[in-house]
Amino acid sequence: QVQLVESGGGLVQAGGSLRLSCAASGRNFNLYAMGWFRRAPGKEREFVAHVTGSGSATYYADSVKGRFTISRDNAKNTVYLQMNSLKAEDTGVYFCGVRRSGGSTYFQNDYIYWGPGTQVTVSS
């Protein structure tokens, strides 16, 4: 069992930056591939970014590529999402999740543990 807690959300103006954190409980954190997803108002939860257990590989949705950076610190059991050049369409609840072994990087149903989420609101 892994427990996740996101933090770092808030209200920011368009063009601004935020850094989200996802703290995980449990052991062997470096074995877990992790992802960030978001749910915009009235929409389904969608993939944002993914990082492998070692941190050696990252993947991004086209909508955030070049603006967001996912990283992790395995010594702190924490995954980060640095969000720059924020746009109004980035508004939503951001969730981190643990992907099951061998699962799809982009498919939320292949993520087996989730945090409660943190709200990000970008004003235009």
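Numbers here are sequence positions counted from 1.
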Problem - Cation-pi geometry met for R19 and Y80 (6.0 Å, 45°) - result: yes
Handout entry: Close side-chain approach of R72 to N74, heavy-atom, < 4.5 Å
Key = yes
Handout entry: Side-chain touch T69/Y60, heavy atoms, less than 4.5 angstrom
Key = yes
Fill in the blank from the handout: Value for OG (S25) from CD (Q1), rounded to nearest 0.5 Å, stands at 8.0 Å
Practice task
Answer yes or no: is there a donor N or O on one side and an acceptor on the other, between the side chain of R39 and the main chain of V93, under 3.5 Å?
Solution key: no
Exercise for the section: Run the numbers on W36 and F47 for ring pair (Phe, Tyr, Trp, His ring centres under 6.0 Å), then give the verdict. Expected result: CA-CA 7 Å; W36 284 98; F47 171 77; over 10 Å; no
Handout entry: Single-linkage hydrophobic cluster Y59~M83, side-chain heavy atoms < 4.5 angstrom
Key = no
Exercise for the section: Determine the interplanar angle of the H50 and Y111 rings, folded into 0 to 90°, and report it as parallel if under 30°, tilted if 30 to 60°, perpendicular if over 60°. Expected result: perpendicular
Handout entry: Main-chain N/O of V122 paired to D90 side chain as donor or acceptor, under 3.5 Å
Key = no
Handout entry: Main-chain N/O of S7 paired with T118 side-chain donor or acceptor, under 3.5 Å
Key = no
Handout entry: In one Ile/Leu/Val/Met/Phe/Trp/Tyr side-chain cluster, 4.5 Å: L18, V5
Key = no
Practice task
Verify the distance criterion only: is there a donor paired with an acceptor across the side chains of N84 and S17 at less than 3.5 Å?
Solution key: yes
Practice task
Would you indicate whether the side-chain heavy atoms of V79 and F29 approach each other to under 4.5 Å?
Solution key: yes
Problem - Pairwise side-chain contact, M34 with R99, heavy-atom cut-off 4.5 Å (strictly under) - result: no
Practice task
Decide yes or no for T121 and V12: does some side-chain heavy atom of the first lie under 4.5 Å from some side-chain heavy atom of the second?
Solution key: no
Practice task
May I ask you to check if R100 and Y32 form a cation-pi contact, with NZ or CZ under 6.0 angstrom from the six-membered ring centre and within 45° of the axis?
Solution key: no
Practice task
Verify, without hydrogens or angle tests, whether E6 (side chain) and S21 (backbone) share a donor-acceptor contact under 3.5 angstrom.
Solution key: no
Handout entry: cation_pi(R38, F95) dist<6.0 Å, angle<=45
Key = no
Practice task
Check whether more than 12 heavy atoms from other residues, nucleotides or ligands sit under 6.0 Å from atom CD of E46, and answer yes or no.
Solution key: yes
Handout entry: K76 backbone acceptor or donor facing T78 side chain under 3.5 Å
Key = yes
Practice task
Please indicate whether K65 has more than 12 foreign heavy atoms, meaning atoms of other residues, nucleotides or ligands, lying under 6.0 Å from its NZ.
Solution key: yes
Completion exercise
To the nearest 0.5 Å, atom OG of S54 lies from atom CG of N30 at 9.0 Å
Practice task
Could you tell me the separation between the SG atom of C96 and the CG atom of L20, rounded to the nearest 0.5 Å?
Solution key: 9.5 Å
Fill in the blank from the handout: Taking every heavy atom of S124 against every heavy atom of A14, the minimum-distance pair comes out as CA-CB, 4.2 Å
Exercise for the section: Check whether I112 and V48 end up in the same hydrophobic cluster, where Ile, Leu, Val, Met, Phe, Trp and Tyr are linked by side-chain heavy atoms less than 4.5 Å apart. Expected result: yes
Exercise for the section: For the residue pair F68 and Y94, categorise the inter-ring angle as parallel (less than 30°), tilted (30 to 60°) or perpendicular (more than 60°). Expected result: tilted
Exercise for the section: Spell out, yes or no, whether I70 and V98 are grouped together once hydrophobic residues are joined by side-chain heavy atoms under 4.5 Å, including indirect joins. Expected result: yes
